[in-house]
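In this chain, residues are counted from 1 in sequence order. Hydrogens, waters and symmetry mates play no part in the numbers below; they use all other heavy atoms, side chains included.
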Amino acid sequence: MRIIAVFISLLFFTNLLFSQNKNERTSLNGEIQLDEVTVTSSRVAIPIAQTPKLITILSREDIKKAQVTSVMDLLSYAANIDVLQRSPRGAQADISLRGGSFDQTAVLLNGINVSNAQTGHYSFDFPINISDIERIEIIHGPSALIYGSSAFSGGVNIITKKNAEEKAFVQVASGMHNLKYIEARGSAVTGIVSNSLSVSSSSSDGYMNNTDYNIYNVLLQSRINLKENNKLDVQFGYNDKKYGANSFYTAAYPNQYERTSTYLGTIKGEFGSTLKFIPMVYWSRHSDQFDLTKDSPTGRNYHRGDTYGTNLILQYKSKLGTTNLGGEVRKEDMLSSKLGKEMSKPHGKYKAYIDRTNVSATLEHTLTVDKFVLSGGALINYNTFISGEYKVYPSFSASFRPWDSFTIASSWSKSTRMPTFTELFYNTETHIANENLLPEKSESTDLTFRYRHSFVEFSATGFLLWGKNMIDWVKEDKDSKSMSTNITRVNTQGVESNLKLHLSSILPILGDNSTLTFGYMHMWQDYKTNEYISESKNKLNYLRDKFTTQFNHKVINRLTANWFFRYQKRMGKYSKYVDSKNTGELVTYPSFSTLDLKLDYKVENLTVNLSLNNLYNKKYVDIGNIEQPGFWLSGGLSYVFK
């Protein structure tokens, strides 16, 4: 109680010391914004200061400072996000929140769920270029009411630019390991239609054997601005990847290889004011070829998954608050040489087929009373995977602002997740799947304190998550295959905190947008499962500690420096392999830290940059036996045509 009293007193004193107009807020990039700035942390767009859940926002300015070429690399700088890299710079990485697995994190594009039903390994195989991104919103904790049942431990919502603010943008870069990157984006307005087209190509010979990659992206966007603020957004995109998958799924086969491609099309409208209609239609096709041994037909798998969906949200605003009624029908199907039920007649190279349909309805009401924002609702879900069963997942949240700069918020919710097709059907030389897997279930609650001011921003969240029937790949002993199974119970507790100081307001010599950010996450898990488990791939290898620091400042004149430091400690163990052979030794994940430096020199519309990743050449792994790159130097330039 004494600590809480001191904390509140400190906030009150700081509020008096740095007083400001109550109708203003500061964004995460230090720019003053009006209190009407909203985020989509709910089906109701509300000011960020009133949101009941912890939200990490990566703004356009944050992305520019990071000078990354992929969303996965960008997310690794956030303290409360676990990024398990198999290969850097966009080839493949797993993203998880609050101790969950990569399959439990929903990935969305402008609020449309583009998560992959085959496996979460492919959820970030979408055609988004960095220059397309307006901001990224990460919602921490189960968010079934907001993003659907796949948002078991949270969701990542990527929001793209809609207005043609720049005529064109070009960026080129090169570096060690024969790194090459080029990106171009153009936009134009024709009558009521705003259009943009972006393309990118990224390649490298790899930082060690069989880590080469080639990545291509194309994204076409159009916004049709109709009368009375009505609008219609259309997107079409294509993503293609080829990469050496050194030890990606088992160190027994270091020469694995993958080729994936994604086609994506979405249409989203927004019509009305007091009564608003938000219809969505989407389709994506993901194809992949996986070679257990590169260029060898032995152990080669083919998969082609299609996801079709339609979603309608009705929103009504009145004196009693805002009511949202939503409905979604989503079908996921797959043709495969490995996954699903064997077909009586093969379809070309595909021998098996599986499909399922998910139907959901949501009802949510949000009420604002003076300093309180109260919200409650439920998701009703039916999936043909569980024939004949309708499930209800309620959610409640509340936030209270005793004064303009300080918010207390709390939420409680239930959620579920259906097994992926890989977990159900992937039987190989190294894995045994389980067609009888049960859906995962969870219940969670959290409490957040948030303080925002022109000089300082601070947030601290404590959370509890109780999981049942959690799915993991486990081994009985070193010589056995990995088996997909339901772990009886996994409970996760943790704290997440972030502190951001806008230094430019007290030290102008550091530059107009100089900031210093600290982030820390600590988690611990307890579980009840079968005693025979000797090794876990996902659930029990959780990230216990992650600490990050970001510091950006002016060096001289137009030269700025951006420093990114992270330290992390993962729990769990992995089997040590030497020369593709399991030694039988279980290795504890060691802690490690890395330091990156990005230098930018800007002259009007031209920016020259230099990136020094992993400055002290630290050897580390995010996933057992998959060594990550050491020091990597690259540089480039970009130009904006106004």
Side-chain angles (χ1 to χ4, degrees), residues 70-72 90-95 102-129 132-133 136 147-151 155-160 197-200 215-222 232-242 258-269 278-290 302-312 328-336 339-340 347 350 353-360 383-385 417-422:
S70 74
V71 174
M72 295 93 92
Q92 194 188 99
D94 298 335
I95 311 297
F102 52 90
D103 287 320
Q104 295 174 341
T105 302
V107 179
L108 299 101
L109 179 60
N110 296 313
I112 297 175
N113 195 327
V114 294
S115 302
N116 193 293
Q118 179 184 343
T119 173
H121 295 316
Y122 299 143
S123 286
F124 282 84
D125 286 357
F126 47 63
I128 295 297
N129 297 303
D132 295 318
I133 302 175
I136 300 176
Y147 291 156
S149 58
S150 61
V156 178
N157 186 17
I158 299 169
I159 299 171
T160 58
L197 174 65
S198 67
V199 296
S200 71
I215 304 173
Y216 303 94
N217 277 328
V218 180
L219 181 66
L220 173 64
Q221 298 186 97
S222 294
L232 186 68
D233 294 323
V234 181
Q235 290 181 316
F236 296 101
Y238 172 72
N239 166 268
D240 183 86
K241 295 182 180 182
K242 304 173 186 176
E258 290 202 66
R259 163 81 185 269
T260 68
S261 64
T262 302
Y263 295 90
L264 175 70
T266 70
I267 302 175
K268 181 178 180 180
I278 307 175
M280 309 176 203
V281 179
Y282 58 92
W283 165 76
S284 67
R285 168 170 289 181
H286 185 274
S287 302
D288 77 274
Q289 172 193 318
F290 171 73
Y302 295 98
H303 314 282
R304 193 190 79 186
D306 287 277
T307 301
Y308 318 82
T310 181
N311 196 339
L312 176 63
E328 181 179 29
V329 178
R330 177 186 179 95
K331 184 180 179 181
E332 302 164 336
D333 64 36
M334 173 158 288
L335 286 166
S336 173
L339 307 178
H347 182 73
Y350 304 115
Y353 176 79
I354 187 67
D355 71 342
R356 62 188 179 194
T357 301
N358 188 82
V359 181
S360 62
N383 195 292
T384 54
F385 177 75
R417 181 184 76 86
M418 297 298 160
T420 65
F421 293 146
T422 296

Undergrad: On the 0 to 90° scale, with breaks at 30° and 60°, tag the Phe102-His121 ring pair as parallel, tilted or perpendicular.
TA: parallel

Undergrad: Between Gln92 and Thr260, do the side chains contain a donor N or O and an acceptor N or O under 3.5 Å apart?
TA: no

Undergrad: Which atom pair, heavy atoms only, marks the closest approach of Glu332 to Phe421?
TA: O-CZ, 4.0 Å

Undergrad: Any non-hydrogen side-chain atom of Arg259 less than 4.5 Å from a side-chain atom of Asp240?
TA: yes

Undergrad: For Val281, does its backbone N or O pair with a side-chain atom of Thr310 as donor and acceptor, under 3.5 Å?
TA: no

Undergrad: Quick one about Glu328 and Asn113 (side-chain donor to acceptor, distance below 3.5 Å, no hydrogens or angles considered), yes or no?
TA: no

Undergrad: Which pair of non-hydrogen atoms, one from Ser123 and one from Ser115, has the smallest distance, and what is that distance?
TA: OG-CA, 4.1 Å

Undergrad: For the residue pair Phe126 and Phe124, does the interplanar ring angle fall in the parallel (under 30°), tilted (30 to 60°) or perpendicular (over 60°) class?
TA: tilted

Undergrad: Using the rule side-chain hydrogen bond (donor to acceptor under 3.5 Å, both in side chains), only one of Asp132, Asn239, Asn129 pairs with Ser200; which is it?
TA: Asn129

Undergrad: Hey, is the main chain of Gly90 close enough, under 3.5 Å, to the side chain of Lys241 for a donor-acceptor pair?
TA: yes

Undergrad: Which residues satisfy the ring-ring contact (aromatic ring centres under 6.0 Å, His included) test with Phe385, sequence neighbours excluded?
TA: none

Undergrad: Between Ile158 and Val114, is the side-chain contact (heavy atoms from CB on, under 4.5 Å) condition met? List the steps.
TA: CA-CA 11 Å; Ile158 299 169; Val114 294; over 6 Å; no

Undergrad: Please test Asn110 against Thr266 for side-chain contact (heavy atoms from CB on, under 4.5 Å), starting from the C-alpha separation and ending with a verdict.
TA: CA-CA 10 Å; Asn110 296 313; Thr266 70; 5.9 Å; no

Undergrad: In sequence, state the C-alpha distance, the side-chain angles, and the governing distance for Arg330 and Tyr282, and then conclude on side-chain contact (heavy atoms from CB on, under 4.5 Å).
TA: CA-CA 9 Å; Arg330 177 186 179 95; Tyr282 58 92; 3.2 Å; yes

Undergrad: Rounded to the nearest 0.5 Å, how far does OG of Ser198 lie from CD1 of Ile133?
TA: 10.0 Å

Undergrad: Which residues pass the ring-ring contact (aromatic ring centres under 6.0 Å, His included) test with His286, sequence neighbours left out?
TA: Tyr122

Undergrad: How many angstroms lie between CG in Asn217 and CG in Asp125, if you round to the nearest 0.5 Å?
TA: 9.5 Å

Undergrad: Run the salt bridge (charged side-chain N to carboxylate O under 4.0 Å, His left out) test against Asp355 and tell me which residues pass, sequence neighbours left out.
TA: Lys331

Undergrad: If you round to the nearest 0.5 Å, how far is CZ of Arg285 from CG of Asp333?
TA: 8.5 Å

Undergrad: Roughly how far, to the nearest 0.5 Å, is CG of Asp233 from NZ of Lys268?
TA: 7.5 Å

Undergrad: Give me the atom names and distance for the closest heavy-atom approach of His303 to Ser336.
TA: ND1-OG, 2.7 Å

Undergrad: What distance do Ile95 atom CD1 and Thr105 atom OG1 have between them, rounded to the nearest 0.5 Å?
TA: 8.0 Å

Undergrad: Return yes if some donor-acceptor pair links the side-chain N/O of Thr384 with the main-chain N/O of Arg356 below 3.5 Å, else return no.
TA: no

Undergrad: Mind checking the CD1-CG spacing from Ile112 to Asn157? Nearest 0.5 Å is all I need.
TA: 9.5 Å

Undergrad: Does Val218 form a side-chain contact (heavy atoms from CB on, under 4.5 Å) with Tyr216? I'd like the steps, not just the answer.
TA: CA-CA 7 Å; Val218 180; Tyr216 303 94; over 6 Å; no

Undergrad: Minimum heavy-atom separation for Met280 to Gly111, with atom names?
TA: SD-O, 4.3 Å

